[in-house]
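Notes to accompany the following structure.
As the structure is a computational prediction, the values presented were derived from the model and not from experiment. Here is how names work: the chains are called A, B, and so on, in the same order as the sequence lines, proteins then strands, and each is numbered from 1.
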Amino acid sequence: MKYAYYPGCSLHSTSREYDMSAKEVSTRLGIELIEAPDWVCCGATPAHVTMHVLSQALPVKSLINAKQTGADTMAVCCAACFSRLKIANYHVLNDPGKKAKINRAVGAEYNGEVAVKHLLEILAKDFGLENLKGKMTAKLDGLKVACYYGCLLVRPRKIMQFDDEENPTIMDAVVETTGAKTVDWPGKVECCGASFSITKTGVVLRLCRDILQLASDAGAECIAVACPLCQSNLDLRQPEVNKKYDKKFDMPVLYFTQILGLAMGIDWKKLGLDKHIVSPLKFLKGKNIIK
Amino acid sequence: MKIGVFVCHCGTNISAVIDVQKVVNDLAKMPGVFAMDYKFMCSDPGQNMIISEIKQKKLDAVIVAACSPCLHELTFRNTLIRGGLNPYMLEIANIREQDSWVHTDRDKATEKAVRLAKMAVAKAKRNQPLFPQEVSVEKSCLVIGGGIAGIQAAIDISSAGYQTVIVEKEPSIGGKMAMFDKTFPTLDCSACILTPKMVQASQSKKVKIYTYSEVEEIGGYVGNFNARIRVKARSVNMEKCTGCGICWQKCPVKVNSEFEQNLGPRKAVYVPFAQAVPNVPVIDCVNCTYYRSKRQNPESKGLCRICEKFCPAGAIEFDQKDKIIEEKFGAVIVATGFSAFDHKVYGEYGAGRYKDVVTALQFERLLNSSGPTQGKILRPSDSKEARTIVFVQCVGSRDESKGVPYCSRVCCMYTAKQALLLKEHIPDANAYVFYIDIRAAGKNYEEFIERVQDEYGVLYLRGRVSKIYRTGDGALLVRGADTLSGTQVEISADMVVLATGLVSNPETVKLGQMIGIPYDKNRFFTESHPKLAPAETQTAGVFICGACQFPKDIPDSVAQAGAAASKVLGLFSQEHLMLEPVLACVNQKICNGCFHCRAVCPYNAIDEEILKDKSVVARVIESKCHGCGNCISACPVSAVDLKGYTNEQILEQLQSLR
């Protein structure tokens with residue numbers, strides 16, 4: 001199984017552990033991720049609030065470059081990148097007027113020939129849940145996980161074609177292959193505040209408090225995410241949430257790839273588990289998941 | 001053949017664009033054609049002019065060049081009759097809708113009018129007198145659906161002395177209205193005003209009621225419909241049963257009651273509600289222990305049989321079979337009602353996962369003193385009294401993304417009523433209503449809403465609810481927008497009531513295709529004219545009333561039922577009906593018996609006929625034929641023709657354009 005890989009800026013910087021764990025897990029599963037040569041910014045936030053055509057030309061540029069890998073599908077981990085790439089493809093495929101503008105901007109002919117898939121879809125659908133289950137050597141029985149999807153993975157449903165936008169279950173299914181239990185909770189698709197983390201921190205603190213509270217009320221011991229922004233808000237801002245709202249959250253926020261990696265018996269350092277603000281190490285040791 | 005052409009000015013509707021005089025002059029030049037014009041041909045002097053010209057000039061056919069035949073074809077046919085001509089010797093050239101109203105160039109429009117009139121002349125030359133056929137009228141009406149609309153229609157028709165048959169698929173008549181607690185805006189007890197009507201219908205000698213029954217097939221035509229009705233096996237003998245209720249008191253099997261919207265139990269042998277008509281139970285074969293054991297082991301005697309043991313009348317008949325009844329009817333009224341929208345598609349409201357998010361119909365049952373909680377407002381999850389309730393309007397109404405773009409019309413009112421009743425049950429309860437707009441267009445409706453807001457203190461919030469979820473303490477958190485104050489609102493509620501909209505019944509499509517009633521994109525039946533024929537359908541002798549046509553409240557359903565009944569009575573007041581003679585006919589000398597015509601006929605009007613030489617050819621059953629012309633286009637050898645619109649006539653019309 002061969003995919004062009006689009007890491008996006010986050011996976012090369014703030015969420016390097018997502019990149020590390022995604023690659024580790026893929027390698028174990030025999031899924032080949034070939035980084036698209038000369039990929040550029042996906043256009044998230046800055047571009048699409050500035051200029052419509054730019055926000056679509058940027059992802060198309062990367063999609064065109066992905067063709068050089070020889071794969072017909074691009075694997076994406078970051079939910080924001082996934083959203084931008086998928087939306088650009090949608091417009092190219094469905095709106096000839098926009099397609100013409102985009103092609104003029106990138107100076108090439110692109111017809112939407114590279115499909116875009118999130119790693120969750122690749123694991124659940126292309127690789128298959130049963131196959132995935134067979135690869136789990138160190139079952140995580142007894143671990144209670146709240147799967148948090150955020151807003152960008154699932155919406156808008158018409159374009160993303162990902163999962164139910166109110167009660168998605170794909171990440172739950174993938175995480176449950178490890179033997180861990182996922183909780184049914186109402187916070188799955190809440191907004192984390194995304195890039196307001198910097199400009200309006202107060203908003204993000206309130207939203208993160210609600211998400212952490214809902215997960216903890218549902219009995220979760222940790223949160224699984226599939227988006228670097230969700231992870232950084234819930235993890236990085238957790239101490240501030242505790243201070244501002246007089247809470248005592250100590251909720252590790254892990255990438256689903258890290259959880260899979262642990263269940264495959266991959267060394268926790270290779271999964272970047274030492275890179276979190278709310279360190280999961282003590283918790284995982286307590287659960288006998290790592291030594 | 002002498003033909004008269006009468007060109008109408010229609011005030012200035014025609015003459016402003018068309019040179020009427022030139023049309024007259026050009027037509028008059030045709031051999032055998034007399035032409036003249038007049039300001040309003042449809043007026044009395046105009047018609048009288050035509051009559052006197054028919055007589056004086058001894059005309060054989062008449063062309064009226066005026067408006068669309070939809071408007072005045074009948075008028076002028078009658079004019080011809082008064083002038084002593086066969087009415088089918090009339091041709092109309094539509095020079096208004098198809099010419100003067102849509103063109104501006106005077107010369108070209110005039111030229112077009114001349115051509116249209118000349119085509120009519122060409123066709124009229126080959127017109128033959130046609131004679132309507134006379135059919136008898138079976139003076140009995142079939143009413144499909146025994147809700148308030150069907151009951152009202154049956155009462156109205158039977159009161160005039162005609163036989164009526166109600167076919168209802170549930171075990172009792174009464175429909176949705178029987179489930180409601182009170183009605184808006186008067187707060188009459190729904191059952192108290194409905195049950196007298198149910199009794200009146202059931203006690204009338206002229207009304208026959210088949211409950212637990214369905215219409216399986218319907219054929220025929222106005223005045224002479226044949227219906228096949230399946231009366232499903234009740235497993236209880238209706239004659240013997242006294243309605244004592246011992247069977248269902250003793251029955252050990254409990255299942256969710258459909259009538260109670262799954263909020264309360266019923267037994268496997270049951271009457272849906274206390275005032276059911278007929279008051280005869282049915283056995284639900286799916287859940288009954290006897291039938292289940294028989295299905296597992298057909299040889300056995302069958303388990304349980306407690307109802308049979310205890311029935312003092314010996315009315316339990318486990319071996320009852322469905323009964324098929326075939327009856328003839330002169331008219332059909334369809335009153336099949338609606339279904340409540342299934343809110344499972346609203347993931348943001350829990351998609352049915354939260355027990356305390358209930359539908360409006362469920363809340364009606366909770367309010368009702370004979371309902372599952374005896375009128376106490378207890379939430380389903382833990383039977384705790386619900387003191388804070390959020391009502392969410394437009395769930396499955398005005399929401400294109402869910403495939404329901406229309407307004408269900410009754411939800412604003414019933415929500416206000418339910419909020420008011422909540423306050424009457426529990427005066428210090430909190431009621432919140434999220435709404436998009438309040439649509440209270442009805443007599444005393446707006447005043448009712450005002451009263452609910454001002455006197456009862458129900459808090460109305462203009463905006464949509466974005467999410468409902470259960471919090472740790474078992475409460476429901478309702479998150480929504482209040483667009484008037486521009487704020488986000490979060491309410492912790494004990495219960496949420498979704499004002500689910502009205503959607504068409506799942507059987508609508510099948511029934512419509514069987515009886516010949518078109519349905520719209522929302523699968524509601526289409527009336528014959530949206531303004532002027534709201535209870536009629538395209539099929540003569542078939543009428544509609546109630547919410548099967550579109551969401552309606554009780555007064556509108558009752559009014560439409562009365563309208564449908566009056567149309568039926570109009571039909572029954574005639575001894576004979578005249579059927580349109582524009583019908584297909586087969587030239588059996590040419591017909592090769594391929595029967596392509598039968599395959600395309602929507603009315604089953606093609607029959608086989610064996611000629612003396614043993615060849616099998618097609619024959620048109622005239623009483624069934626609607627003159628649609630499908631068979632004519634399908635016939636590979638041009639053996640079929642439409643009277644009044646023959647292939648020859650149409651070719652002549654085209655020839656005249658050369």
Using modelled atom types only, decide if a donor and an acceptor are shared between the side chain of B:Lys467 and the backbone of A:Pro186 within a distance under 3.5 Å.
-> yes
Between atom NZ of A:Lys188 and atom OH of B:Tyr469, what is the distance when rounded to the nearest 0.5 Å?
-> 15.0 Å
Verify the neighbour count for atom CZ of A:Phe196: are there more than 12 heavy atoms of other residues, nucleotides or ligands below 6.0 Å?
-> no
Is the count of non-hydrogen atoms from other residues, nucleotides or ligands lying under 6.0 Å from A:Arg157 atom CZ greater than 12?
-> yes
Distance col, row B:Arg479:CZ vs A:Asp210:CG, nearest 0.5 angstrom, shows 7.0 Å
If you count the non-hydrogen atoms of other residues, nucleotides and ligands that lie under 6.0 Å from NZ in B:Lys402, is the total more than 12?
-> yes
Applying a strict 4.5 Å limit to non-hydrogen atoms, the region of A:Asn167 in contact with chain B is side chain
Do the charged groups of A:Glu166 and B:Arg353 touch, with an N to O distance under 4.0 Å?
-> no
Check the surroundings of atom NZ in A:Lys98: do more than 12 heavy atoms from other residues, nucleotides or ligands lie under 6.0 Å from it?
-> yes
Does B:Glu400 CD have over 12 foreign heavy atoms under 6.0 Å away?
-> no
